[in-house]
Each structure stands twice: as C-alpha cells, then as structure tokens.
Protein chains: 2
Amino acid sequence: MSDMTVTLSDVAREAGVSLATASRAINGSANRTVRPELRERVLAAAARLRYSPDANAQAMARGRTTALGLIVHDIADPYFSTIASGVTAAAERAGLVVTLASTDRDAGRELAFVELMQRQRARAIIVAGGRHDDDAANRALADALVEYRSRGGGAAAVGQPLLGVDTVVIENRSATAELVRQLHGRGYRRFAVLAGPTAHLTAHERLDGFRTSLDDLGTPLDPDLVIPCAFTRDGGYEAMEQLIARGVVGRAGTGSGGSGQPVEAVFAVNDVMAVGAMAAARAAGLDVPGDVAIAGFDDIITLRDITPSLTTIRLPLADIGAMVTELALAPDNDAPRLVPVDGEVILRDSTPPLA
Amino acid sequence: MSDMTVTLSDVAREAGVSLATASRAINGSANRTVRPELRERVLAAAARLRYSPDANAQAMARGRTTALGLIVHDIADPYFSTIASGVTAAAERAGLVVTLASTDRDAGRELAFVELMQRQRARAIIVAGGRHDDDAANRALADALVEYRSRGGGAAAVGQPLLGVDTVVIENRSATAELVRQLHGRGYRRFAVLAGPTAHLTAHERLDGFRTSLDDLGTPLDPDLVIPCAFTRDGGYEAMEQLIARGVVGRAGTGSGGSGQPVEAVFAVNDVMAVGAMAAARAAGLDVPGDVAIAGFDDIITLRDITPSLTTIRLPLADIGAMVTELALAPDNDAPRLVPVDGEVILRDSTPPLA
DNA sequence: TTGTATGCGTTATCAA
DNA sequence: TTGATAACGCATACAA
C-alpha cells in the first residue's frame, strides 16, 4: 500500500526545511543558493523517502516540457527506423525524450499527432517521411505546424520542403542523375523504372532525376517503361512481373517481343522495391544481373549483403535523424532553413559493367 | 505575438460560463451534466480561441497520464522496430502515446529510462529485448520495475521472464529444437553454430535448444563447432570466417582438415548473423547451400527475399508488440503472467534436402 | 541564504 | 444543471 505518492512537501518536512529550499536543493538550478549542509539533508531525506519528482508538475510550473514528437510513416520500415535511431540519440544528448507516432501514411493521423503534441506542449515536432502530392493534406499539416510554432514549439522535417518548416532536404534528383551517369559509364543505355506511386513526391523526384539525366545523355527513357506501383517490396515485385509479362525484360539475347530492344537495367525507386523486383525476376527464371541489371535507392543496411549486391544510393539516414533533431531544436528562425543532403552512388554487382 | 496561451478560463469567460462548466463541456466526461446549449457555446468559444488543453495540467489534475514507455536495445534493428510497430499500434488503440528509448544495450540507460518514466508518471513500461546474463543488472532493473509498479504503473517485458513482470516469453529452446528435427529430416547431421555472445540469454537459449535436440537425436553437437560472436551481422561474418579458416567449412566434397567430417549446415542464432555468415561464405568463394547450408532465426521481413532464401524461425514480432502492450496495460496481477510465443520453422532454400 | 506565498491549467468536490 | 473553490505538485518572485 505504498501507493501514497511522496511529494516535495514530504521531503521538505522530513528534512526540516521549507518547500522552496527543498525545491532548490533538488533541482540544483543555475543559482545554487542553498547551503551545502541543508542541501545534503534534503537529498538524504529525498533518498530516504524514495522521492521521485513529478515531471508533469515540473512541466507545468516551469512552463516547458522535455518531450520531442517524432512522426514516421512506419517504424517497422528500415528507412524510418534508422532515422528514428538518429533522432533518439540526438534527443538523448539534448536531454529530451522522444514520443513516437507511426502513422501508416495516414494524413489524418499525422494531423492528430501534431495536435496531440501541441497539447503535450512538446518542445518540438519532427516529421520524417516524404510527402504525397496531396495539396490539401500538406497544407493542413503545414497549417498545424504553423500553429504549433506560433505557440513556441519547434518543428522540422525530412524530405521535401513543403511544410514551411526547417527541412533536411534529400537531393533525390541529383542523386538519381548521378546514378544514371555512372550506369551510363558502365555501358547501360536502355532502362525501365519501377516508379512507385505517382503521387509520392519522393518517388517522383527519384524518377524525375533519372529521366532528366537520361534525356541529357541523349538516351531518353521510354515512357512505357516507367511502371507505377506501390512503394513497397510487393510493389516492386508486381511491377517487375509486368515488365516480364510484356517481354521487355527477359532472357539476355532473347529479343523477345515488346517495344524493340530489351531493357538492360531496371531502376527501382527504393531498395525494398529493388529486392522485390529481384525476387520477381528469379521467380520468372531470370538471372540478375545476367538477364537484367537492377538498382535501388537508400542503401538499407540490412540489405547490404544480398546477392547480387545491390547498386544503390546511400543516404546517411542516422545522420539525417540527428540533423533534423538539431533543426527542430534550434532557436526559431524566420525563414525555414533547408539543409540539403546528397546521396552517394554505390555501384555493386547488380549492375556490372556491360560487356 | 500570439504566444499568449489560451487557457480554459479564457474559454469560460468567452462563453460566459464558469470554469467548471467549460471543463465539463470540453472533456465530455462520463456524466455529461451540461445543457446542450451551453455545451455548444463553450465548444464554439474554444474553437474561436483555438484552445488547446494542456495535457500536463490535465495529467496533474487527473492524477494519471497517457504515456507508455518503450525500451528497446536498438530501434534501427528490424527485430525491435517490428515489435515497436506492434506496440505503437496497440498503444494508439488504447489512447496512449509511446515514449521511446533506444538504449544501445546499456543497462545504465535502461535503468535511467525506467526512472524517467517513473517521473513522467507513465501508465506502463515495456521492456523489449533479451536480457544478458548479468544478475546485477537484471536485478537492478527488476527492482526499478518493482518500485515503479508499487507506485501504480504497469510493466511487461518480452524475452526472458527475469524481471518479475508480465512477460511474453519467446520459446527459443523449443523452436530451435524443432528446427533441428526438421533439418535432421532433410538429412543434416553435422552442424556448427554461430552462437552469439555467451552472456546473451536469447542467444544462449537458442543454442541450448539446438544442442539438446541434437543430443536427443543421437548426433551431438561438437563443442568446438560452437562459435561465440557478436549478436550482429559482423559477428556472424567473423564467426563464419573462423569456421572457414579452420577448414571445418569448405568446398563440398573436400574433407579439408579440421576435426573429421566437414560441417553440413551452420545455424546462426539470428537472421542478420546468418546473412553475415552467407556473406563470409561467398567472400571465401563458397556456395550456399552447395558447400554449406545456413539457417537463421527471427524471419526478419526485410530478409525474406535474399538468395538463397533463408531457412529460419518465424516470430510474430508485431503481434508480440501488441501482446506485450496489453499485458503492460492489464490490471495489476499478483503473480507475473507469462505468455509463451512459439516460433514457426520455415524451411527454405538455404537448407535443401541433402542428397 | 532561507521561507512565504502565489501561480501554472486543469479536474473534482461541494454547495447552490 | 451550474458555479465557487480547493486540490494536484512543483517553481519562483518576493520578502525576510
């Protein structure tokens, strides 16, 4: 029945000092205006009584909390969980505690979580995860964040700079452009792209950089070879199946139908899709990269040992998590700061030099 | 300069009602003893003033919060992030918000986080992740949880039932025993085990079930072929290198040295270690499963498409997250409830039937 | 350096 | 059904 909560008043009484003195002795704030002897007495009393300060009461009295909100689409996705690890590490350094929301890409839940963090008086909110091409949803979220910031909260995002807050901007276009150049250097000319959802901005940017770069090199991408699909492993699998069914991907040397020459390489806009595509290729009896080369994006750490090793674009996800945390916590700026982050092309065995 | 916080008093004044009425109208608690007309007026005033209830003040007045603490070793690890996704989903259903700590396997930080959650007056704490064979650390954590529970908090764990709280117990031994039986059925007799850290209880249990089952089948495991290593991809890689260097794993048909017959299959106590082992085998020019079969544990979703597909033991990680959440939130029991969860052996191409 | 008293924003108790 | 008013547990301005 020790459910009786021990309060600071109890500690003060036990130590024979006033509430104020007990408070000062225990939080040990800037101006430590408490005699060492008393201080000891208070600390001893607190220990004796197993006193545990009530963070909620402190938050109310101080007018600020120690919480940091983190919104991800899906914490089980390695992309987000790696960012989250960077965020938790940075938050711990800042003495903050991370409150996590995994919203399953539901705009309504994102909004609800921002409002929840507003109620919790969280110090800052971090929105990780690419936006969709849904102006209404983006504007609603942006508005909620404006409101939140107007009330003193910090906010930052990773992905596209669409929310009006400090953002770690992933340079998707330049990264895929560079990938194209390097694949070109290895002799690849004819590509297909597993493009993800049309409305998915990250997917779109990756496709766009890829396409633009191919245009620049004078070997434009055939629009028929851009396959929209889900941003998931299954999406990659099914899109690859389509390519195979249409005969644009098949046994090497077999100019099997489709529109002219067969595709030499398939670019999936993320790694898990690329892995799905590999699985589909194998299921169809094709060899990767013998029959078709495959490249992805993200360099998910768990996938670094797959066979054949996957050509991809590395993003420093944990660092990104740390960066966005610092942005969210930085003193309020008038104009949103944009911190660009480049991807690094990693050529591996899934796209060997073409003979 | 709308930094002026709108309080419930403001809403009450704006609506021309008392503070009490405003409170009742807005939280809409069980006994809705407020006239619809007034209620509307209050809600309208709240909306007009963009009122946002202060969760900390509510927590203090109500005497309970809406927070749920989750401790994982490493949120970037797919094992934990998948459990975390189950926890966040269940927590949302319960109207709770998840506070996340990624402790990097640091016992001190685990303890600190429990105390932090105690200060936050969190409703419950979930400890995910296997214990180490460190009695002092386990006891300290158990004590902290006892203290926490004595103050009204809920607590639950996943892994070993060593913390004195409700636990989702992973039946590691029976799972690996079943794996052995099935591999036996496919003709395997001579195994090596990449065993993880000796003090790691989960690793130990998996090894133990494996070994015991082999004993029962009359084909005991050679102790020299149990390689301690880190519980990581690199640990698996290095342990496999050792086996190769010692000549107990090598080209099929090449009875190359070592102690007698070469190893037919290598069991790694988790999937990422198994993948590391595969990488080491390939780096040494060996074929999997041609030269050596490999099996893992966990059935990490991101790894389901690797080649060759990995024989492993599936754990319903997201469900486990949901289950442990329910345990943590369930009304206080005297004796710790133990909920066993079985793994399901999934035979795949990395351990084909032996000729 | 210490103590007193007030406020933080809400809920809940008690009268009206 | 509504309204004063007292908690809730702590920090802090002000006084001593």
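The chains referred to below are lettered A, B, ... by the order of the sequence lines, with proteins before strands, and numbering in each begins at 1.
Summarising the geometry, the separation between CD1 on I26(A) and P on dC10(D) is reported as 8 Å, rounded to the nearest angstrom. At whole-Å resolution of the value, CG in D54(B) and P in dT10(C) are 6 Å apart. R121(B) places its CZ atom 8 Å from the P atom of dG9(D), with the value rounded to the nearest Å. The CZ atom of R64(A) sits 10 Å away from the P atom of dA11(D) (whole-angstrom rounding). For the pair R13(B) CZ and dT2(D) C1', the interatomic distance rounds to 18 Å; values are reported in whole Å. As a whole-Å value, the separation of L19(B) CG from dA12(C) C1' is 11 Å.
To the nearest 0.5 angstrom, L141(A) atom CG is 10.5 Å from L162(A) atom CG. From T99(B), atom OG1 reaches atom CG of L68(A) across 10.5 Å, with rounding to the nearest 0.5 Å. T103(B) contributes atom OG1, which lies 11.0 Å from atom CG of L111(B) (distance to the nearest 0.5 angstrom).
Residue contacts for T7(B): at a heavy-atom cut-off of 4.0 Å it reaches the sugar-phosphate backbone alone, with no base atom in range. Within 4.0 Å (heavy atoms only), L38(A) reaches sugar-phosphate atoms of the nucleic acid but no base atom.
Both A57(A) and V17(B) sit near DNA chain D, but only V17(B) has its closest nucleotide nearer the 5' end.
Look at S18(A) and you'll find a side-chain N or O under 4.0 angstrom from OP1 or OP2 of dG3(C).
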